[in-house]
Chemist: 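Mind looking over this structure? Questions follow.
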Amino acid sequence: MEMEENFSNNTEEQLRIENEILKNKLKAQFGDAFHMESQSGLPPDIENKFLKSVMAFEDEYARSTNTTVYERIGSPAVQSLDKISGTEIKVAVKNLITLLAANDIVLHINDGPYPNETIYRFITEELFAQQVEDKPVAGMGSNFIYEEFHPNHKADITKRTHTFLFHWFTREFNEYCTELSWDCISHEGEHLTREDIIAKMKIFFDAFEAFDEDGYNIDAVSFDIQDAGLPALGFAEGMLKYDAVMDNGEIIHYNGPYKLYMQLEDNWWSIFYFVMPGFKW
């Protein structure tokens with residue numbers, strides 16, 4: 001995109017004026033979704049190139065039309081799962097993933113591993129029907145995550161458990177610790193906020209200089225997905241140990257069972273109550 005108007009004989013001033021015009025056009029088109037504050041320190045010529053590339057990208061994206069994943073990759077002939085032998089299914093899945101990638105479509109599988117039959121069925125029966133741009137915009141691919149279609153609740157609860165215990169042993173809980181729910185309870189059923197819980201843990205943590213010689217295992221993970229309107233609940237439990245080092249060098253050995261109670265909030269498992277060796281509510 002080239003600016004035809006000449007606003008100044010000074011090259012740098014001309015670029016500054018062009019940049020303001022481009023920014024105003026982008027703001028008019030995209031409103032609050034467009035912000036240039038982070039680019040304010042760029043030299044005028046670099047900022048000009050950046051703005052023009054953004055405008056070209058957005059123009060190309062606005063002209064794009066949608067189709068299905070299946071049509072985007074060329075409508076390949078695929079066999080039904082019951083006609084593929086067990087030895088062929090692994091190759092079939094690999095070929096499909098390669099074909100998707102060749103057309104700028106990436107399938108992410110975060111957990112697992114899942115049986116090849118499961119992934120083949122997902123690609124051919126679900127992913128193929130998803131909407132994507134007819135022609136990929138330069139520099140922009142289409143990404144799909146298997147677990148967004150089929151959540152792996154056990155894996156998610158396990159991840160929250162690892163994260164919580166890491167923060168416990170490092171004593172680094174803060175308002176950004178997303179494994180903690182915004183709506184927690186105490187052992188007496190008192191409703192508490194995330195900040196309330198963190199404040200209680202801080203009192204416990206501040207009584208010690210450090211935690212050392214920690215370790216844990218996860219013995220069980222369970223969850224119950226209720227009918228619509230009812231909360232989904234889950235938990236993880238196991239055994240752990242750690243040494244709490246006091247300022248005077250004295251060490252208190254904590255070990256025993258722990259249990260983390262979780263609820264599913266906006267497709268995210270978060271801890272609303274826990275039992276930990278050494279911690280008293």
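A quick note: this is a predicted structure, and the numbers were derived from the prediction, not measured.
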Chemist: Quick one: list whatever passes side chain to side chain contact (heavy atoms under 4.5 Å, CB included) with D82, sequence neighbours left out.
Modeler: S80
Chemist: Are there more than 12 heavy atoms of other residues, nucleotides or ligands under 6.0 Å from atom NZ of K259?
Modeler: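 Result for NZ/K259: enclosed.
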Chemist: Give the ring-plane orientation class for F122 versus F149, where under 30° counts as parallel, over 60° as perpendicular and anything between as tilted.
Modeler: perpendicular
Chemist: Over all heavy atoms of both residues, which pair between L81 and Y120 is shortest? Give the atoms and the distance, please.
Modeler: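 For L81 versus Y120, the nearest heavy atoms are CD1-CD2, 3.7 Å.
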Chemist: Can you name the side chain to side chain contact (heavy atoms under 4.5 Å, CB included) partners of I251, sequence neighbours left out?
Modeler: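 Once residues adjacent in sequence are excluded, the partners of I251 under the side chain to side chain contact (heavy atoms under 4.5 Å, CB included) criterion are D243, V245, H253.
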Chemist: Mark yes or no for whether R171, through its side chain, and E209, through its backbone, hold a donor-acceptor pair below 3.5 Å.
Modeler: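 It does hold such a pair.
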Chemist: Of the non-hydrogen atoms in T178 and R194, which two are nearest, and what is the gap between them?
Modeler: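 Minimum heavy-atom contact is CA-NH2, 4.1 Å.
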Chemist: Does D196 reach the main-chain N or O of T193 with its side chain, forming a donor-acceptor pair under 3.5 Å?
Modeler: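 At least one qualifying donor-acceptor pair exists.
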Chemist: For the pair F204 and F208, name the ring-plane relationship: parallel under 30°, tilted 30 to 60°, perpendicular over 60°.
Modeler: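 The rings of F204 and F208 stand perpendicular, inter-plane angle above 60°.
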Chemist: With sequence neighbours excluded, tell me which residues meet side chain to side chain contact (heavy atoms under 4.5 Å, CB included) with N116.
Modeler: I89, K90, V93
Chemist: Quick check on the 6.0 Å ring-centre criterion: do Y242 and Y216 meet it?
Modeler: no
Chemist: Could you go through the side-chain hydrogen bond (donor to acceptor under 3.5 Å, both in side chains) check for E47 and N19 one step at a time?
Modeler: CA-CA 7 Å; E47 184 180 50; N19 292 346; 3.0 Å; yes
Chemist: Just grab all the ring-ring contact (aromatic ring centres under 6.0 Å, His included) pairs involving residues 79-107, residues at least two apart or on different chains.
Modeler: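 Every pair satisfying ring-ring contact (aromatic ring centres under 6.0 Å, His included) with a residue in residues 79-107: there are none.
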Chemist: For the residue pair W168 and F205, is the inter-centroid distance of their aromatic rings smaller than 6.0 Å?
Modeler: yes
Chemist: So does E190 get a backbone contact from the side chain of S186, meaning a donor-acceptor N/O pair under 3.5 Å?
Modeler: yes
Chemist: Is the NZ or CZ atom of R160 positioned over W269's six-membered ring, under 6.0 angstrom from the centre and within 45° of the axis?
Modeler: no
Chemist: Would you confirm whether the ring centroid of H150 sits within less than 6.0 angstrom of the ring centroid of Y146?
Modeler: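 That pair passes the under 6.0 Å test.
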Chemist: Tell me if a side-chain donor or acceptor on W281 pairs with a main-chain N or O of K200 at a distance below 3.5 Å.
Modeler: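 No, the answer is negative, given that no donor and acceptor are paired below the 3.5 Å cut-off.
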Chemist: Kindly say whether Y114 contributes a backbone atom to a donor-acceptor pair with the side chain of T118 at under 3.5 angstrom?
Modeler: no
Chemist: Would you say H191 has more than 12 foreign heavy atoms packed within less than 6.0 Å of its NE2?
Modeler: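 Not buried by this count: 12 neighbours or fewer within 6.0 Å.
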Chemist: Check Y273 against I185 and note the closest heavy-atom contact, atom names and distance.
Modeler: CD1-O, 3.4 Å
Chemist: Name all residues meeting the side-chain hydrogen bond (donor to acceptor under 3.5 Å, both in side chains) criterion together with N248; count only those two or more places apart in sequence or in a different chain, and write none if there are none.
Modeler: none
Chemist: Around atom NZ of K241, are there more than 12 heavy atoms from other residues, nucleotides or ligands closer than 6.0 Å?
Modeler: yes
Chemist: Any donor and acceptor pair, going by atom type alone, linking the side chain of S181 with main-chain N or O of C184 inside 3.5 Å?
Modeler: no
Chemist: Going by salt bridge (Lys or Arg N to Asp or Glu O under 4.0 Å), name the residues that satisfy it together with D111, two or more places apart in sequence or in a different chain.
Modeler: K159
